[in-house]
Amino acid sequence: MSSKAPRCGLTFSRMKTVRVAVVGAGVIGFSTAVRIAEALPICSVTLLAEKFSPDTTSDVAAGIVLAQEFPDIPLERQRRWFKDGFDHFFAIAHSEDAPEAGIMMCSGCQIFREAPANMKPYWSDIVIGYRPMTDRELKRFPNHKFGQAFTTLKCECSSYLPWLEKRFRKAGGRVEQRRVNSLQELSNDFDIIVNCTGLGSKTLVGDDQVQPIRGQVLKMDAPWLKHFIRDVDGMTYIYPGIHSVTIGGTRQVEDMRLHVDEGDSRSILERCSRLEPSLRKAKVLYQSVGLRPGRRSPRVERELVQMGGRQVPVVHNYGHGGWGVSFSWGTSMDALELVRQCLQEIPLQAKL
């Protein structure tokens, strides 16, 4: 735990604890809660959520660490987000915590039906061994004209989320299972509120930019598969993991169905088997559905919200779409810095 004092012009000896609520128990919520609890001992951090692992959207995520470009975020900021996450997962994968945290190295390829305008994306020097695929390698995928081969990481959120919760509690964090219907109901008990509710932000903070994007995946028993394959359209992918192979998927905008669609399952299996024919011999272990928090770009910012006669600092960190795992550690660092800024501006009477 860091012993560094927050940049707020007061010493710890003169302060009382600043009460921080983090709302949301997915990979964004727990990453943010861990960052705050470990870096700011002055803060008493409570994570509140209605659902926890294994019942979060993050638990359905395939968990491969990849990146896309968000249109409204400076590229250098996105690059920093991605690098923070990659370095974080890389360190865990090479530590004794790797099995418990569910983090592993994963090599494979991303394939394109047409060559992209930018053949060397901003993240190419962050992953390991990035290179264009050779013509010989591409012969395996006759409908694709370009490919990227590299090594990245895979995160099994069903293991990673409990590991993060354990780390959060070790840092003094508290966990409370409850449904939060409005941020106002937290204003009497907390000095700073951090909103990591993903899709819930559509109603919780009235963000009309947030939309559900339904994703369905199958978990396959195919231990012979060791390398990932992803069609860059994001619709078809094969990600070997620690206990099973995740194949997908769907991207159904404004589709709120949480039940498994057998038609989607057949389509997923057919598309993935075209890329990896041996999947036709694999056994389906189980199927899952999640609703990604779709947004044009993630919202990582702070604002002052009038609640119960006073202005309460609210930090937002949500809207990562299907890229929550990849960017969770990076955006949570920005959220931590926003909380630091809030600490500087909280009226002195709240801290003395």
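Side chains included, hydrogens not; waters and symmetry mates left out as well; all remaining heavy atoms used.
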Open item on the list: Hydrophobic clustering (ILVMFWY, side-chain heavy atoms < 4.5 Å, transitive) - are V314 and I28 grouped together?
Closed with: no

Open item on the list: Is it the case that the side chain of Q177 and the backbone of E50 share a donor-acceptor pair, with hydrogens and angles ignored and the cut-off at 3.5 Å?
Closed with: yes

Open item on the list: Is any side-chain heavy atom of Y318 closer than 4.5 Å to one of P293?
Closed with: no

Open item on the list: Checking the side chain of K226 only, and the main-chain atoms of P223 only, is there a donor and an acceptor separated by less than 3.5 Å?
Closed with: yes

Open item on the list: Would a single hydrophobic cluster contain both V312 and V205, if residues Ile, Leu, Val, Met, Phe, Trp and Tyr are joined by side-chain heavy-atom contacts under 4.5 Å?
Closed with: yes

Open item on the list: Is the shortest side-chain heavy-atom distance between R140 and I229 below 4.5 Å?
Closed with: yes

TODO: Decide whether W329 and D87 meet the rule of one side-chain donor and one side-chain acceptor closer than 3.5 Å.
DONE: no

TODO: Report yes if the side chains of F327 and P298 come closer than 4.5 Å at any heavy-atom pair, otherwise no.
DONE: no

Open item on the list: On a heavy-atom basis, which atom in V245 and which in A222 lie closest, and how many Å separate them?
Closed with: CG2-O, 3.5 Å

TODO: Indicate, with yes or no, if I247 and V60 share a hydrophobic cluster defined by side-chain heavy-atom contacts under 4.5 Å among Ile, Leu, Val, Met, Phe, Trp and Tyr.
DONE: no

Task: Same apolar cluster: F52 and V45, side chain cutoff 4.5 Å - done: yes

Open item on the list: Could you go through I128 and F86, starting from their C-alpha distance and side-chain angles, then the distance that decides it, and tell me whether this counts as side-chain contact (heavy atoms from CB on, under 4.5 Å)?
Closed with: CA-CA 10 Å; I128 296 171; F86 190 92; 4.1 Å; yes

TODO: Go through the steps for Q211 and V253 under the test side-chain contact (heavy atoms from CB on, under 4.5 Å), then give the verdict.
DONE: CA-CA 7 Å; Q211 57 183 355; V253 178; 3.2 Å; yes

Open item on the list: Measuring only between side-chain heavy atoms, which start at C-beta, is I193 closer than 4.5 Å to M307?
Closed with: yes

Open item on the list: Whether the S201 and D207 side chains hold a donor-acceptor pair (N or O, under 3.5 Å, no angle test) is what I'd like checked.
Closed with: no

TODO: Would you mind reporting whether L285 and M220 have side-chain heavy atoms less than 4.5 Å apart?
DONE: no

Task: From CD (Q216) to NE2 (H259), nearest 0.5 Å - done: 8.5 Å

TODO: Look up atom CG in L48 and atom CZ in R178, then write down how far apart they are to the nearest 0.5 Å.
DONE: 5.5 Å

Task: Short side-chain to backbone donor-acceptor contact, R251 and D233, under 3.5 Å - done: no

Open item on the list: Looking at R266 and E262, is there a salt bridge between them, counting it only when a charged N and a carboxylate O are closer than 4.0 Å?
Closed with: no

TODO: Let me see the working for I238 and L279 under side-chain contact (heavy atoms from CB on, under 4.5 Å), right down to the final yes or no.
DONE: CA-CA 10 Å; I238 302 162; L279 279 169; 3.8 Å; yes

TODO: For the residue pair I213 and Q252, establish whether any side-chain heavy-atom pair is separated by less than 4.5 Å.
DONE: no

Task: S332 and T32: side chain donor to acceptor below 3.5 Å - done: no

Task: Within 6.0 angstrom of E96 CD, more than 12 heavy atoms from elsewhere - done: no

Task: R80 bridged to D334 by N-O distance under 4.0 Å - done: yes

Open item on the list: Between R19 (side chain only) and D189 (backbone N and O only), is there a donor and an acceptor less than 3.5 Å apart?
Closed with: yes

Open item on the list: Would the distance check show the side chain of Q78 and the main-chain N or O of F70 forming a donor-acceptor pair, the cut-off being under 3.5 Å?
Closed with: yes

Open item on the list: Side chains of S158 and E156 only: does a donor on one sit below 3.5 Å from an acceptor on the other?
Closed with: no

Open item on the list: To the nearest 0.5 Å, what is the distance between NZ on K51 and OG1 on T57?
Closed with: 8.0 Å

TODO: For R174, look at atom CZ and say whether over 12 heavy atoms of other residues, nucleotides or ligands are found less than 6.0 Å away.
DONE: no

Task: Closest heavy-atom pair and its distance - L138, H144 - done: CD2-O, 4.3 Å

Open item on the list: Could you check whether any side-chain heavy atom of K154 comes within less than 4.5 Å of a side-chain heavy atom of F89, counting everything from C-beta outward?
Closed with: no

Task: Side chain T56, main chain S53, donor-acceptor under 3.5 Å - done: no

Task: Test of ring centre spacing under 6.0 Å for Y160 and F30 - done: no

TODO: Spell out, as yes or no, whether a donor-acceptor pair under 3.5 Å connects the side chain of K202 to the backbone of V210.
DONE: yes

- [ ] May I ask you to decide if Q184's main-chain N or O and S187's side chain share a donor-acceptor pair within less than 3.5 Å?
- [x] yes

Task: Least distance between heavy atoms, P240 atom then M104 atom - done: O-CE, 3.9 Å

Task: Euclidean distance, F112 CZ relative to R230 CZ, rounded to 0.5 Å - done: 8.5 Å

TODO: Applying side chain to side chain donor-acceptor pair (under 3.5 Å) between N195 and each of R299, H316, E303, report the one that passes.
DONE: H316

Task: Contact summary for M133 and C109, nearest pair of heavy atoms - done: SD-CB, 3.5 Å

Open item on the list: Test your reading of the model: is there a side-chain donor-acceptor pair from R292 to the backbone of G324, 3.5 Å cut-off?
Closed with: no

- [ ] Evaluate whether atom CG of D135 has more than 12 neighbouring non-hydrogen atoms of other residues, nucleotides or ligands under 6.0 angstrom away.
- [x] no

Task: Heavy-atom side-chain proximity of L66 to Q110 below 4.5 angstrom - done: yes

Open item on the list: Can you confirm whether or not the ring centre of F150 sits under 6.0 Å from the ring centre of F228?
Closed with: yes

- [ ] State whether the side chain of T246 and the backbone N or O of A62 hold a donor-acceptor pair below 3.5 Å, judged by distance alone.
- [x] no

Open item on the list: Test side-chain contact (heavy atoms from CB on, under 4.5 Å) on W123 and Y130; report intermediate values, then the result.
Closed with: CA-CA 9 Å; W123 47 265; Y130 174 93; 4.0 Å; yes

Open item on the list: Do the side chains of R295 and D72 get close enough for a salt bridge, i.e. N-O under 4.0 angstrom?
Closed with: no

Open item on the list: Quiz question: by atom type and distance under 3.5 Å, do the side chains of T250 and D264 form a donor-acceptor pair?
Closed with: no

Task: Under-4.0 Å salt bridge between E76 and K83 - done: no

TODO: Check V289 against R257 and note the closest heavy-atom contact, atom names and distance.
DONE: CG1-O, 3.4 Å

Task: Distance-minimising heavy-atom pair for F82 and A67 - done: CD1-CB, 3.6 Å

TODO: Enter the distance from K145:NZ to I111:CD1 here, rounded to the nearest 0.5 Å.
DONE: 14.0 Å

Task: Trace of the salt bridge (Lys or Arg N to Asp or Glu O under 4.0 Å) decision for R340 with E345 - done: CA-CA 9 Å; R340 286 190 197 274; E345 296 169 9; over 6 Å; no

Task: same_hphob_cluster(M333, V315) at 4.5 Å side-chain heavy-atom cutoff - done: yes

TODO: With rounding to the nearest 0.5 Å, note down the distance linking OG in S297 to CD in Q209.
DONE: 8.0 Å

